[in-house]
Amino acid sequence: MADERTHHVPVMVGEVGALLEPARGGVFVDGTVGLGGHARMLLDDGADRLIGLDRDPDALQAARAALQRFGDRVTLVHADYRALGAVLDAQRVDVVDGIVLDLGVSSLQLDAGGRGFSFRRDEPLDMRMDQSQGATAAERLAAVDESELADVIYRFGEERKSRRVARAIVRAREDAPIERTGQLAAIVRRAVGGPWQRIDPATRTFQALRIWVNGELDGLDAALDGAVSRLRAAAGPGGGRLAVISFHSLEDRVIKHAFRGMASGDRPRVRLLTKRPIGAGAGEVAANPRARSAKLRGVERLAA
Ligand SMILES: C[S@@+](CC[C@H](N)C(=O)[O-])C[C@H]1O[C@@H](n2cnc3c(N)ncnc32)[C@H](O)[C@@H]1O
């Protein structure tokens, strides 16, 4: 289960570098550029050019500062990685040599005040990565029906007491709209009950609502397919490579099936670079608790 403690260093940066081999040079894409940690590694280690996408304008600003020293080798675009094809078309880039996706939220989003991702501070319950689009968590909680909410909390949060939490939220909103993280956290903690174990009982429900509000699993499968179609096709080790880090078992399942599907059949499009997902090493997990649930998978594009 994901812990919402934050990370200031990119997760599994060495492992991503080993899969993507930026020393081969060429054009690389970071579809979730965030604070620019993976992007910096790719540029330092040999990528000629990096195109970085993020749906959060605040993240792009942070990435711009972090990557400033690379000058015009970097292009940053406010976009969803699910629109990667359109972004590359607009940049007049046909194929690329490597793509990294590091899914989920960044430490900036968790730590910066006012975004509503964290139950550690009392603030407006927004949770949107792109605040220019869609309904906030507060607006969604005001409208959702109890059974759908229970389903969301169970699937995306793996919360065994999802029905109880959903019922408590629906009861509470009859008294007053739920508009603050502190209010929601108190309702969830009361509903889950019992002594706290290792993590705050609100963690699972907050994670579930974040995934739901941002539609994080929607179109992931198609996005992976689209990303592979823009990788350089080559025989042998010259093909473009895609590396994906996920933090949730549902995401990892989608990635595993997508990669296996593309790697099988009469005319496989890719070769698996990871038969099983790579996890973070013990040292990294000790230094960065968020790395505990990270799983990395990669593929290499084969000749068409
Ligand atoms: C875990 S952070 C990435 C951290 C980054 N790898 C680094 O080294 O700093 C995930 C980032 O992906 C962004 N993101 C999440 N879903 C996205 C999507 N569908 N399209 C583009 N960016 C997305 C988030 O806004 C966040 O900044």
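None of these values were measured; they are calculated from a predicted model. First listed ligand is number 1; within each ligand, the first listed atom is number 1.
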Check: H38 N/O within less than 3.5 Å of ligand 1 N/O: yes

Per-atom contacts of ligand 1 with D102, taking only distances under 4.0 Å to non-hydrogen atoms: 1 (C), 2 (S), 3 (C), 4 (C), 5 (C), 6 (N), 10 (C)

Any N or O of G36 closer than 3.5 Å to N or O of ligand 1: yes

Per-atom contacts of ligand 1 with M129, taking only distances under 4.0 Å to non-hydrogen atoms: 14 (N), 15 (C), 16 (N), 24 (C), 25 (O)

Ion pair R163/E146, N-O distance below 4.0 Å: no

Ligand 1 atoms in contact with V105 (distance to a heavy atom under 4.0 Å): 1 (C), 2 (S)

R82 and D218 ion-paired at < 4.0 Å: no

Lys/Arg-Asp/Glu bridge criterion (N-O < 4.0 Å) met for E159, K161: no

Residue pair Q91, R49: steps toward the side-chain hydrogen bond (donor to acceptor under 3.5 Å, both in side chains) verdict: CA-CA 12 Å; Q91 296 294 324; R49 181 176 179 202; 3.0 Å; yes

The one among V13, D54, N214, T32 that brings a heavy atom closest to atom 24 (C) of ligand 1: D54

Residue-ligand contact L103/ligand 1, heavy atom below 4.0 Å: yes

side-chain hydrogen bond (donor to acceptor under 3.5 Å, both in side chains), paired with R115, selected from T181, D56, D126: D56

Distance filter under 4.0 Å to D56 heavy atoms, resulting ligand 1 atoms: 25 (O)

side-chain contact (heavy atoms from CB on, under 4.5 Å) evaluation trace for Q68 with R64: CA-CA 6 Å; Q68 198 178 8; R64 189 157 289 125; over 6 Å; no

Distance under 6.0 Å and angle within 45° of ring axis: R290 vs F247: yes

Crowding at CZ, F70 (>12 non-hydrogen neighbours, <6.0 Å): yes

A79 touching ligand 1 at heavy-atom level, < 4.0 angstrom: yes

Salt-bridge contact R269-D225 (side-chain N to carboxylate O under 4.0 Å): yes

More than 12 heavy atoms of other groups within 6.0 Å of E148 CD: yes

Close-contact set for ligand 1 against G31 heavy atoms, below 4.0 Å: 21 (C), 22 (N)

Closest to atom 10 (C) of ligand 1 (judged by heavy-atom distance), picking from G104, G34, S106, A294: G104

P10 neighbourhood, listing ligand 1 atoms whose heavy-atom distance to it stays under 4.0 Å: 8 (O)

Contact atoms of ligand 1, heavy-atom distance to R290 under 4.0 Å: 1 (C)

Heavy atom of E216, distance to ligand 1 below 4.0 Å: no

Neighbour count above 12 (heavy atom, 6.0 Å) for R171 CZ: no

Ligand-residue contact atoms, ligand 1 with A59, heavy atoms, under 4.0 Å: 27 (O)

Residue-ligand contact V33/ligand 1, heavy atom below 4.0 Å: yes

Ligand 1 N/O within reach of L35 N/O, cut-off under 3.5 Å: yes

